[in-house]
There are 2 protein chains.
Amino acid sequence: MLARFTPRSRRETRATVLENLLRSGGAFRPTIARETNLTEASVSRILTELRNENLIQETRQSAPYPGGPTALVTLSNNVALAGIELSNSRLSFGIGDPSGALNYVERLPASPHLDQGEFERLFAESVRTMRDWSAHRGTVIRQAALSIPGYGRAAGNPIYPWDMDRLRNFLADTLDGVPVALTNSVIAQAAFHRYSNTTKYPVSGDHLFLFVGHGVAGVIVDESAPVDAFSAVEIGHMVIERDGLPCRCGHKGCVEAYTSLRAIAKIIGVADSAVLSRGDSFIETLVLDQGVHDTLRERLFTLGLGLGNALNLHPLSSVVISGWPSLMPEEDRKAITEGLNDSLLGGFDESRLALSFIAPSIGNDPRAALYYAAYCFVRGGGLDAKADPRAALEEIA
Amino acid sequence: MLARFTPRSRRETRATVLENLLRSGGAFRPTIARETNLTEASVSRILTELRNENLIQETRQSAPYPGGPTALVTLSNNVALAGIELSNSRLSFGIGDPSGALNYVERLPASPHLDQGEFERLFAESVRTMRDWSAHRGTVIRQAALSIPGYGRAAGNPIYPWDMDRLRNFLADTLDGVPVALTNSVIAQAAFHRYSNTTKYPVSGDHLFLFVGHGVAGVIVDESAPVDAFSAVEIGHMVIERDGLPCRCGHKGCVEAYTSLRAIAKIIGVADSAVLSRGDSFIETLVLDQGVHDTLRERLFTLGLGLGNALNLHPLSSVVISGWPSLMPEEDRKAITEGLNDSLLGGFDESRLALSFIAPSIGNDPRAALYYAAYCFVRGGGLDAKADPRAALEEIA
DNA sequence: CACACTAATTACACAGTGTAAATATGCAGG
DNA sequence: CCTGCATATTTACACTGTGTAATTAGTGTG
């Protein structure tokens, strides 16, 4: 972040500035220049351009120090974005803006066994309603994003075994004209935590965002790139115990088989959905017998073991964990570090690895997809998707 | 590889062209332009520049087709490079050129328990001799590289637990003026296989180079970048069996504990070094009883299991394996795919994952380090290391 | 109200590229 | 040996995007 990256395409520079604004939620020019490694001159040029396109707003603020800056730059909330989330239990649609505000929401129940045809019917109808709503208000949706659990795996999606080309074509047709990004739910989650200002994000710099829910998935957040990059990493199906518990993927001994919400729910004896919906205190509200408690710790240990293996392959110095483990008492979470200690090369060392926990977000759908849409919009420099062929190359699986 | 990357720094463009030449071992201009995504005009400008600096040579060749190109461009063998390799058994020094030719070699026995002081003594003396040799001939070493097993781990090097800052300073002092790159032996191995023209490298495109020797290490070769990037990946210490065999790292059940040369040598009942030195037919020359044979297959299965886990985390569609498994009969190597089938999400599928084997190189030291030096020289655009501050950012761990 | 201090804009020079026109080169056929 | 074809190679020019530094603008303090 020290050196100056001299000539880039305008799109890239715009993306850098826009992304900085998305992340900060609003900033003064000198700060932008510092964080993006651009000169104030460049920032000025870019902002002028963006202002003319109504992508940013400047609100007067009294200067924070003598001679200080006077206008706070924020992303314009005139930019309409659509977020759509498919989860195990529902399909949600929302329209909002880069600040994360949701101005329109529709949520439909959806079966976890939704087939592609049913999905298309549900989707098409809701999109019609959604677009009517936006047409009425005269807003043009600049970017849409759809998040789907398990999306993007090379081997195909084991949860929704759909034809992805058909899906992409369907989306392009249905949302005609509106650029759509398809992504994995975990990536959307990561974007949510990273860009929503409600939660203070506990780290900066490259890190792993680990989400333990129905699946166990990681997202590597690469902040050294000019624009943040999120890439999904398959952790849940790492085989950690030969001939271990059977997993829904068909293998045995996967991390997911031990630590997924489903596995945990079974141990505690409640329904999957109940675990998270009880919020912070799901554990406290249960009268746990010692056996259950020990088993949960054991599962956290397993998670740590898998995480350590993952970190051996992807050396990163900080990890943010979200999902049910974040709801566990701190004392129990230590089992994760014990597991880490047994697999991370050199053992667990607090000074080399920062672990933090962040509460999972419940009932916020489709905010995660909305933030992901904002990220995509910003990543493209706020320009039309097709304008630069390079964009295609940067697409993240 | 389709889009054109517009403005880059001159250094980067030079690096791209030079690296292309290193990889191809010589090419015609139209080919270079195509492969580097540069216009012929740019290639022409860059080559003119490089020719003036004596970094490349053009040899007349009859055109391969009417009106075809007439000059084959190669890296100049006037560029002197030094490769230095530290291995379990010896320390070798060499001077050569980008074609891989070694003009000077010195090899000294070295203990696997070499301490840092002893290393420095040995090193300093040999470097003196080496530099005398080059001074006599009036050659100036443009880039040196030193490869060390286990180098670059965040947790420190378990094999040579040295002070790395001290080592870096020592090298800078001893080789004063000559830029030195320090790297892991596996990365040097990967560079060797990739750039030496003797072996036909079996893949193109991003892939994993897996080396199974004293350790089990992977190198991700990223060819989508303008200049190839090699990054080491720790596979050997993935815990694959809870409470499994003890590993030298202190943990239990690491892949290395099952599949390293040491582990295999013990099973077969020969010395570590004997396994590889017998070359291609080390297995055939042994009268294996069924038990030994089964155990070896079992170990290959374990390797496959670990590799599958690694590929879940780093999705890549081809893997090149080198080391003792490459010497095994094809029939036995299938155990690797069986292991892969049990851990790779979606199972092993020939159409999604290409596995290839490449014989380990024996007694070639310090050629691997020499190729790595060539890579570093080329990566820097053939310019002095300090000229562009950005180079520091691109340093690979 | 002037001053001190920093922000924001803008003119200019520079690096690096692609396009396209101009020039060079080799081969085949007479 | 010469001609013409087919492509390679070089070069002039225009364009993009940047940093530097000079200029202009804005704010709080005494």
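Chain identifiers are assigned alphabetically (A, B, ...) following the order of the sequence lines, protein sequences preceding nucleic acid strands; residue numbering begins at 1 within each chain.
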> Can you find a side chain N or O atom of B:Ser9 that sits less than 4.0 Å from OP1 or OP2 on C:dG16?
Replying inline: no
> OP1 or OP2 of D:dA8 sitting under 4.0 Å from any side-chain N/O of B:Thr70?
Replying inline: no
> What is the distance, rounded to the nearest whole Å, between atom CD of A:Gln61 and atom C1' of D:dG26?
Replying inline: 15 Å
> Which atom names give the shortest non-hydrogen contact between A:Gly382 and A:Glu53, and what distance separates them?
Replying inline: O-OE1, 4.5 Å
> B:Glu12 has an atom CD; how far is it from atom C1' of C:dT17, in whole Å?
Replying inline: 13 Å
> For residues A:Thr13 and A:Arg10, is any side-chain donor paired with an opposing acceptor at under 3.5 Å?
Replying inline: no
> What residues form a salt bridge (Lys or Arg N to Asp or Glu O under 4.0 Å) with B:Arg137, not counting sequence neighbours?
Replying inline: none
> Can you name the closest pair of heavy atoms from B:Arg168 and B:Tyr151 and give their distance?
Replying inline: NH1-OH, 2.9 Å
> Atom CZ of B:Arg14 to atom C1' of C:dT17: distance rounded to whole Å?
Replying inline: 17 Å
>> Is B:Arg29 close enough to D:dT10 that one of its side-chain N or O atoms is under 4.0 Å from OP1 or OP2 there?
In response: yes
>> With no hydrogens and no angle check, just 3.5 Å: does a side-chain donor-acceptor pair link A:Arg51 and A:Thr48?
In response: no
> Hey, do the aromatic rings of B:Phe230 and B:Tyr372 have their centres closer than 6.0 Å?
Replying inline: no
>> Checking side-chain polar atoms at under 3.5 Å, does A:Tyr195 have a donor or acceptor matched by the opposite partner on A:Glu19?
In response: yes
>> Go nucleotide by nucleotide along DNA chain D from the 5' end; which of B:Val43 and A:Arg60 gets its closest nucleotide reached first?
In response: B:Val43
> Atom CD1 of A:Ile46 and atom P of D:dT16: how far apart are they, to the nearest Å?
Replying inline: 14 Å
>> The side chain of B:Thr39 is closest to which nucleotide in this list: C:dG16, D:dG26, C:dT19?
In response: C:dT19
> What string of B, S and - do you get for nucleotides 1-7 of chain D, 5' to 3', if B is base contact, S is sugar-phosphate-only contact and - is no contact with any protein heavy atom under 4.0 Å?
Replying inline: -----BB
> Between C:dT17 and B:Thr13, is there an OP1 or OP2 to side-chain N/O distance shorter than 4.0 Å?
Replying inline: yes
>> Quiz question: by atom type and distance under 3.5 Å, do the side chains of B:Asp206 and B:Ser224 form a donor-acceptor pair?
In response: yes
>> Rounding to an integer number of Å, can you tell me how far A:Leu47 CG sits from D:dT18 P?
In response: 12 Å
> Would A:Ser76 and A:Asn54 count as having a side-chain donor-acceptor pair, cut-off 3.5 Å?
Replying inline: no
> Do any of residues 51-59 of chain A sit with a heavy atom less than 4.0 Å from DNA chain D, and if so which?
Replying inline: none
> How is B:Thr48 classified with respect to the nucleic acid when contacts are heavy atoms under 4.0 Å: base, sugar-phosphate, or nothing?
Replying inline: nothing
> How many Å lie between CD on B:Glu49 and C1' on C:dG16, as a whole number?
Replying inline: 11 Å
>> Check this for me, if you would: do B:Arg23 and B:Glu35 make a salt bridge, where the nitrogen-to-carboxylate-oxygen distance has to be below 4.0 angstrom?
In response: no
> Is the shortest side-chain N/O distance from B:Arg10 to OP1 or OP2 of C:dT17 below 4.0 Å?
Replying inline: yes
>> Does B:Ser44 reach a base, just sugar-phosphate, or nothing at all? Heavy atoms under 4.0 Å.
In response: base
> Atom CG of B:Leu38 and atom P of C:dG16: how far apart are they, to the nearest Å?
Replying inline: 13 Å
> Quick one: does B:Arg45 reach the base of C:dG18 with a side-chain donor-acceptor pair under 3.5 Å?
Replying inline: yes
> Taking atom P of D:dA22 as reference, at what distance in whole Å does atom CD of A:Glu40 sit?
Replying inline: 16 Å
> Considering only D:dA8, D:dT27, D:dT11, which nucleotide approaches the side chain of B:Ala41 most closely?
Replying inline: D:dT11
